[in-house]
Amino acid sequence: MDLHEQARRLGELQALDQVASPLARKAKELIAPGPVKDVLSGTGLGHPLHPVLTDIPIGLFTSATVLDLLAGRRARGAVNALVALGLAGTLPTAVAGLADWSDTQGTEQRVGVVHAAANVTGTCLFAASLLNRLRGRRYRGRVQGLLGMATLAAGGYLGGFLSYGRGVGVNNAFFQPELDEWTAVADESELHPGAAVMKEAGGATILLYRSGGRIHAIGSRCTHAGGPLHEGKIDDSTLCVECPWHGSVFSLEDGTVVHGPASVPEAAYEVRTTAGRIEVRASAPRA
């Protein structure tokens with residue numbers, strides 16, 4: 001059985017829900033929607049923050065391991081410093097990952113809790129490694145460091161499975177086709193003030209909303225997890241729509257992310273009416 005299949009089967013173990021579900025609920029309480037959640041989700045980056053931060057501890061721990069194996073006694077001070085810096089970098093990385101994981105469910109939530117457990121175990125092994133190194137027990141510290149590196153590698157594989165195998169953190173609206181030409185989507189009479197309508201055109205799903213005599217159009221599939229934005233709450237005063245699944249908020253004027261967990265903006269469309277028909281076309285390149 002290959003690694004992908006093993007990870008898939010791991011996601012089917014419903015027994016993990018006994019641990020994952022209450023932890024996810026607690027995480028959502030601790031990291032509630034707001035400015036902190038936006039930062040941890042990478043709202044201002046255009047993609048999730050967690051993958052960026054993982055490079056820091058992984059790079060430092062890997063460098064420490066290689067240097068320890070190749071340079072021996074000459075690199076003791078450098079190895080200790082690299083491990084210490086790696087440990088310091090794990091906290092923000094873990095918190096950002098926790099914010100992302102709290103919005104998952106089912107297979108992703110189960111695999112995610114094992115991914116987190118592996119990373120916590122690996123981090124603890126590196127912490128014990130550093131402590132033993134500082135106490136002069138270099139051999140024990142080296143062994144613990146190697147075990148920590150192996151455990152982090154397993155956790156890293158599961159993280160890759162979540163991102164590339166299950167699409168966690170990717171733009172869920174990426175495959176919606178762009179409409180470069182003016183395309184008719186609805187009769188103007190279908191769109192009433194204060195009511196959202198979802199229409200399909202050229203393979204793209206589009207949210208239409210009329211406010212103050214103006215029609216706004218953005219993608220209707222939430223970039224975070226594919227939620228139906230046309231079913232979400234719309235604030236007419238701010239011209240924002242809130243995804244009904246995880247609470248991401250987007251501007252109806254240009255599709256930008258106002259609040260996470262989404263980090264990628266929605267496709268935005270120019271709108272015109274011709275002979276009673278509403279027509280749209282892409283107003284900007286897709287992120």
Side-chain angles (χ1 to χ4, degrees), residues 11 20-21 24-25 27-29 31-35 37-51 96-112 162-179 185-186 191 194-209 211 216-236 238-269 280 282 286-287:
S21 295
R25 287 195 296 270
K28 289 182 78 69
E29 292 176 9
I31 311 173
K37 173 85 168 182
D38 291 345
V39 171
L40 293 174
S41 298
T43 298
L45 292 179
H47 61 75
L49 175 64
H50 179 63
L98 186 65
D100 292 345
W101 175 75
S102 67
D103 291 314
T104 62
Q105 56 188 348
T107 294
E108 292 78 25
Q109 194 173 91
R110 295 170 193 140
V111 174
L162 289 171
S163 294
Y164 301 110
R166 301 296 300 183
V168 175
V170 304
N171 177 5
N172 270 268
F174 177 77
F175 293 105
Q176 295 244 56
E178 295 183 8
L179 302 178
V185 293
L191 192 60
V197 173
M198 188 275 285
K199 292 292 181 179
E200 295 186 9
T205 56
I206 301 168
L207 183 157
L208 298 173
Y209 184 78
S211 176
H216 304 273
I218 64 171
S220 186
R221 180 183 175 90
C222 181
T223 59
H224 171 244
L229 292 184
H230 60 282
E231 297 179 7
K233 293 190 298 183
I234 292 180
D235 186 334
D236 194 72
T238 60
L239 287 177
C240 290
V241 58
E242 179 179 332
C243 179
W245 285 8
H246 302 110
S248 296
V249 178
F250 299 90
S251 168
L252 287 169
E253 296 190 277
D254 57 13
T256 55
V257 183
V258 178
H259 293 298
S263 57
V264 179
E266 288 291 331
Y269 299 92
V280 301
R286 179 162 304 171

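These numbers were taken from a predicted model, which means no experiment stands behind them.
- The shortest distance between side-chain heavy atoms of Leu207 and Leu252 falls below 4.5 Å.
- In this structure the side chain of Ser41 never reaches within 4.5 angstrom of the side chain of Ser263, judged on heavy atoms.
- Applying the side chain to side chain contact (heavy atoms under 4.5 Å, CB included) test to Leu49 and every residue at least two apart in sequence or in another chain returns Leu45, Leu53, Ala96.
- Nearest heavy atom pair, residue Ala262 against residue Ser248, reads N-OG, 2.9 Å.
- Annotation: side chain to side chain donor-acceptor pair (under 3.5 Å) contacts of Thr205 (sequence neighbours excluded): Gln176.
- Here Ser21 pairs with nothing under the side chain to side chain donor-acceptor pair (under 3.5 Å) rule; sequence neighbours left out.
- For Thr107, there are no side chain to side chain donor-acceptor pair (under 3.5 Å) partners at least two apart in sequence or on another chain.
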Exercise. Any chance you could lay out the side-chain contact (heavy atoms from CB on, under 4.5 Å) test for Phe250 and Val257, step after step, and finish with the verdict?
Key: CA-CA 5 Å; Phe250 299 90; Val257 183; 3.8 Å; yes
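- Glu108 and Thr104 make their closest contact through CB-CB, 3.8 Å (heavy atoms, listed as atom of the first residue, atom of the second, distance).
- Residues forming a side chain to side chain contact (heavy atoms under 4.5 Å, CB included) with Val197 (at least two apart in sequence, or on another chain): Leu191, Lys199.
- Between Ile218 and Val241 there is a side-chain heavy-atom pair separated by less than 4.5 Å.
- In this structure, Ile31 CD1 and Leu98 CG are separated by 4.0 Å, a value rounded to the nearest 0.5 Å.
- Considering all non-hydrogen atoms of both residues, Tyr269 and Ala204 come closest at OH-CB, 4.0 Å.
- Every residue two or more places apart in sequence or in another chain was checked for a salt bridge (charged side-chain N to carboxylate O under 4.0 Å, His left out) with Glu200, and none qualifies.
- For Ala195, there are no side chain to side chain contact (heavy atoms under 4.5 Å, CB included) partners at least two apart in sequence or on another chain.
- Across all their heavy atoms, Lys37 and Ala32 have their closest contact at CB-O, 3.3 Å.
- The side chain to side chain donor-acceptor pair (under 3.5 Å) check on Ser163 picks up nothing, with sequence neighbours excluded.
- In this structure, the side chains of Glu242 and Pro33 stay at 4.5 Å or more apart for every pair of heavy atoms.
- Annotation: side chain of Lys28 is in contact with side chain of Asp103 (closest heavy-atom distance under 4.5 Å).
- A pairwise comparison of heavy atoms in Ser102 and Ala99 identifies OG-O, 2.8 Å as the closest pair.
- Checked against side chain to side chain contact (heavy atoms under 4.5 Å, CB included), Ala24 has the following partners two or more places apart in sequence or in another chain: Trp101, Gln109.
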Please report, to 0.1 Å, the donor-acceptor pairs under 3.5 Å made by any side chain of residues 222-233, with sequence neighbours excluded.
from	atom 1	to	atom 2	distance (Å)
Thr223	OG1	Val264	O	2.6
His224	ND1	His246	ND1	3.3
His230	ND1	Ser220	OG	2.8

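- The salt bridge (charged side-chain N to carboxylate O under 4.0 Å, His left out) check on Asp100 picks up nothing, with sequence neighbours excluded.
- Of all heavy-atom pairs between Cys240 and Val258, the closest is SG-CG2, 3.9 Å.
- Counting heavy atoms from C-beta on, the side chains of Val249 and Thr238 never come closer than 4.5 Å.
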Exercise. I would like to know whether Asp236 and Tyr209 meet side-chain contact (heavy atoms from CB on, under 4.5 Å); could you show each step before the answer?
Key: CA-CA 10 Å; Asp236 194 72; Tyr209 184 78; 2.7 Å; yes
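- Within the 4.5 Å cutoff, side-chain heavy atoms of Ser211 are placed close to those of Leu239.
- Listed by chain and number, the residues in a salt bridge (charged side-chain N to carboxylate O under 4.0 Å, His left out) with Glu253 are Arg214 (sequence neighbours excluded).
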Exercise. Check the pair Arg221 / Asn172 against side-chain contact (heavy atoms from CB on, under 4.5 Å), numbers first and verdict last.
Key: CA-CA 7 Å; Arg221 180 183 175 90; Asn172 270 268; 3.8 Å; yes
